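Just so you know, these numbers come straight off a predicted model, no measurement behind them. In what follows, chains are A, B, ... by sequence order, proteins preceding strands, each numbered from 1.
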Protein chains: 2
Amino acid sequence: MVNPPTIKDVAKAAGVSVATVSRVLHNLAGYSDKTKQKVLAAVEELGYQPNAIARGLVNKRTQTIGVLFPDVSSSFSSDLLRGIEDVANDKGFSVIVCNTAEDGKRTMKYLQVLREKQVDGIVFTSEFLKEEYYEAIKAMGVPVVLVSTQSQKHVIPFVKVDDRQAAYQATDYLIQKGHRQIAMIGGTKTDKIAGIPRLEGYRQALEDNGIGFAESRVAYGDFALDSGRRAMEKLLAEAPPFTAVFAASDEMAIGAMGLALERGIRVPEDISVIGYDDLSIARMIFPPLTTIHQPLTEMGRLASDMLISLIEGAGQVSSRIVSHRLVERQTVRNWP
Amino acid sequence: MVNPPTIKDVAKAAGVSVATVSRVLHNLAGYSDKTKQKVLAAVEELGYQPNAIARGLVNKRTQTIGVLFPDVSSSFSSDLLRGIEDVANDKGFSVIVCNTAEDGKRTMKYLQVLREKQVDGIVFTSEFLKEEYYEAIKAMGVPVVLVSTQSQKHVIPFVKVDDRQAAYQATDYLIQKGHRQIAMIGGTKTDKIAGIPRLEGYRQALEDNGIGFAESRVAYGDFALDSGRRAMEKLLAEAPPFTAVFAASDEMAIGAMGLALERGIRVPEDISVIGYDDLSIARMIFPPLTTIHQPLTEMGRLASDMLISLIEGAGQVSSRIVSHRLVERQTVRNWP
DNA sequence: CTGAAAGCGCTAACAG
DNA sequence: CTGTTAGCGCTTTCAG
């Protein structure tokens, strides 16, 4: 098997120097139309394709970005990925995906690989940005943007929704529908990004409407399906009676609904449910889930766009609080 | 901002040559323990990280693979991706994701990018491998493996399930449960990979059990949710009465169930439903969907493993027909 | 308009 | 045991 043709081969075939070939390939000035034709003909004939690795070595730019997800296979991540990939591709960048599995070691290893591979920038999603990660990224000297997470300590551009407000809105909606006894299935209790703010929004909405907050009406999960089931089970067994429940993720909402249905509790007739995320499954289930929509694909697009601006020299970009919205489907009813 | 340290800097700092540094970094023989310590100390002190781009230029290996999906954000693709990513990472490879959007132009562009970036191999998923794609990949001279698709014309390693047989089994299961009037929601009518074989399996199972096949009992969709709804609508309106339906994808099965439920038709009391894929949503919905399980993550793993073997010099690897299995959940009941 | 030549950071002979 | 050196394929001065 013969080696692929290099710029040298093209130069030889066209009877010019490599510098000239490079010039015409980049549409720089400095050659006659005749030479241009010769070069192009040679490129065509040899089936020449530039080697991006060699180019990267010289330019110190690889036109590649790295994206870290806690779980690439989640619906949440893949919606994000689609947006990121889409604009990256548009702007001539490739994306390397990394599955951190929320594991510190693995994440650090990935960061190292991305550094060695000389990616031009990084998007970090959904997880708390540990100091260790921050240091590693800072050391590589490339821009980062955060998605669905945020750093208190450092100023790093991010794109996310206002979790507190969205949770407030979800809860308030239930109240406007006449519910007064509202339970919550929260995310991880210590999660500063998606756990605590959503709980606070819930609590605030209750209080603003003169309803007392009761710790006994909240159960905690980890955002995943099964934890929603378990939380619902706990609520049903131990909490004071309630007519509606706000879950901090669609998956938990769906898990909770499944458990309720198994027990002969109807949604929304007996209990209303509202979720959070608007994953594509939210509208696939029956009854379709009322939930807080996060524009994930759009958020991915934005993040990609911001990152590439930074890579291409923008001094700074502003973070974006993107707007969520409540989508009414069929799991919440007027009470009574 | 100062440039990151290179191997030269390390050499200077350690008072040795770059060759020696390279040796200790690669654990090759040929240096005293003392030099090793000096080098390691210098590496540590400078925070040196090798540049994989430079290495790639020399080695003609980038430790990167490209993966093409028709839709990165589908549950199907992301489950696959997780498996691929997992073993790739394990074996020291990075993965570049490409979303072809089932668009020929876009796919060709991607193939070109992957070539320029000198990826070491490619995994191509779920789509029919057009001749044009094949030629492009062949021209790059790197191995490919196919997932959930297969080439008739060329011998290319693949990993997939036996669609015909799986569909046969799904249908046969319904028959064993006592159903005789069984409808089908098929995939794209002309799809040689997932459309036709599944329809054939259905037909064959019917015939082997002495049940006539009736074209009027099959409606076609495109594997997506909404097409399942529409197909069910059509079946309900135009097909002869039926007590069970086999859908060629979980999404279509779920769409069909949603429509049925809206119409007051209960699943499985009035109509039994069986799907195909076993996406993670299959168990999230209520009632949980009985379906044909495809081990997607495992298939991704296998593909990744095969590809890397090929990259690392295995002359050839054998294709794998992985075993599906029917998972009984709650959407099929005995009839009558 | 065009070519020669100096690297980019690293690996791998080849000499000592 | 260790250093020198010739590239890998490409971009980019700097001279003509």
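Per the geometry, CG belonging to A:L57 stands 9 Å off P belonging to C:dC8, to the nearest Å. Going from atom NZ of B:K34 over to atom P of D:dC1 covers 12 Å, rounded to whole Å. Look at CG on A:N51: it is 9 Å from P on D:dT11, rounded to the nearest Å. The interatomic distance linking B:K117 (NZ) with D:dC8 (P) rounds to 23 Å, in whole Å. Atom pair B:N59:CG and D:dG9:C1' shows a separation of 14 Å (rounding to whole Å applied). To the nearest angstrom, P of C:dC10 lies 14 Å from CD1 of A:I53. We find that NZ of B:K8 is positioned 14 Å from C1' of D:dG3, with the value rounded to whole Å. Remark: P of C:dG7 and CD1 of A:I7 are 19 Å apart, rounded to the nearest angstrom.
Contacts between residues 11-27 of chain B and DNA chain C, defined by a heavy-atom separation under 4.0 Å, are made by B:A19, B:S22, B:R23, B:H26.
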How far apart are the C-alpha atoms of B:V95 and B:T64, what are their side-chain angles, what is the distance that settles it, and do they pass the side chain to side chain contact (heavy atoms under 4.5 Å, CB included) test?
-> CA-CA 6 Å; B:V95 0; B:T64 303; over 6 Å; no
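Sequence neighbours left out, the pairs with a member in residues 68-79 of chain B that pass side-chain hydrogen bond (donor to acceptor under 3.5 Å, both in side chains) are A:R82-B:S73, B:D71-B:S73, B:S74-B:S77.
Taking the salt bridge (Lys or Arg N to Asp or Glu O under 4.0 Å) definition, one finds that A:K153 meets it with A:E131, sequence neighbours left out. In terms of the salt bridge (Lys or Arg N to Asp or Glu O under 4.0 Å) criterion, residue partners of A:K91 (sequence neighbours excluded) are, by chain and number, A:D305. When the salt bridge (Lys or Arg N to Asp or Glu O under 4.0 Å) test is applied to A:D86, the partners found at least two apart in sequence or on another chain are A:R301, B:R106.
When the side-chain nitrogen and oxygen atoms of A:K60 are compared with OP1 and OP2 of C:dG9, one or more of them lie within a distance under 4.0 Å. In terms of phosphate contacts, A:T35 brings no side-chain nitrogen or oxygen within less than 4.0 Å of OP1 or OP2 of C:dC1.
Distances from the side chain of A:V58 to the nucleotides C:dC10, D:dT11, D:dT2 place D:dT11 closest.
Put simply, CG on A:L40 and OG1 on A:T35 are 10.5 Å apart, with the number rounded to the nearest 0.5 Å.
Each of B:A54 and B:Y31 lies near DNA chain D, and the nucleotide nearest B:Y31 is the one positioned closer to the 5' end. Positionally, the nearest nucleotide of DNA chain C for A:S32 lies more toward the 5' end than for the other of B:Q49 and A:S32.
Sparse packing is recorded around CZ of B:R320, with 12 or fewer heavy atoms of other residues, nucleotides or ligands lying under 6.0 Å away.
Between the side chains of A:S94 and B:K117, a donor-acceptor pair is found at a separation under 3.5 Å.
Annotation: the terminal axes of the helix from C:dC1-D:dG16 to C:dG16-D:dC1 meet at 50°, where each axis is the rotation carrying the C1' atoms of four end pairs onto the next four (5 pairs per end, rounded to 10°).
Ring-plane geometry between B:Y133 and B:F124 is classed as tilted, the angle between the planes lying from 30 to 60 degrees on a 0 to 90 degree scale.
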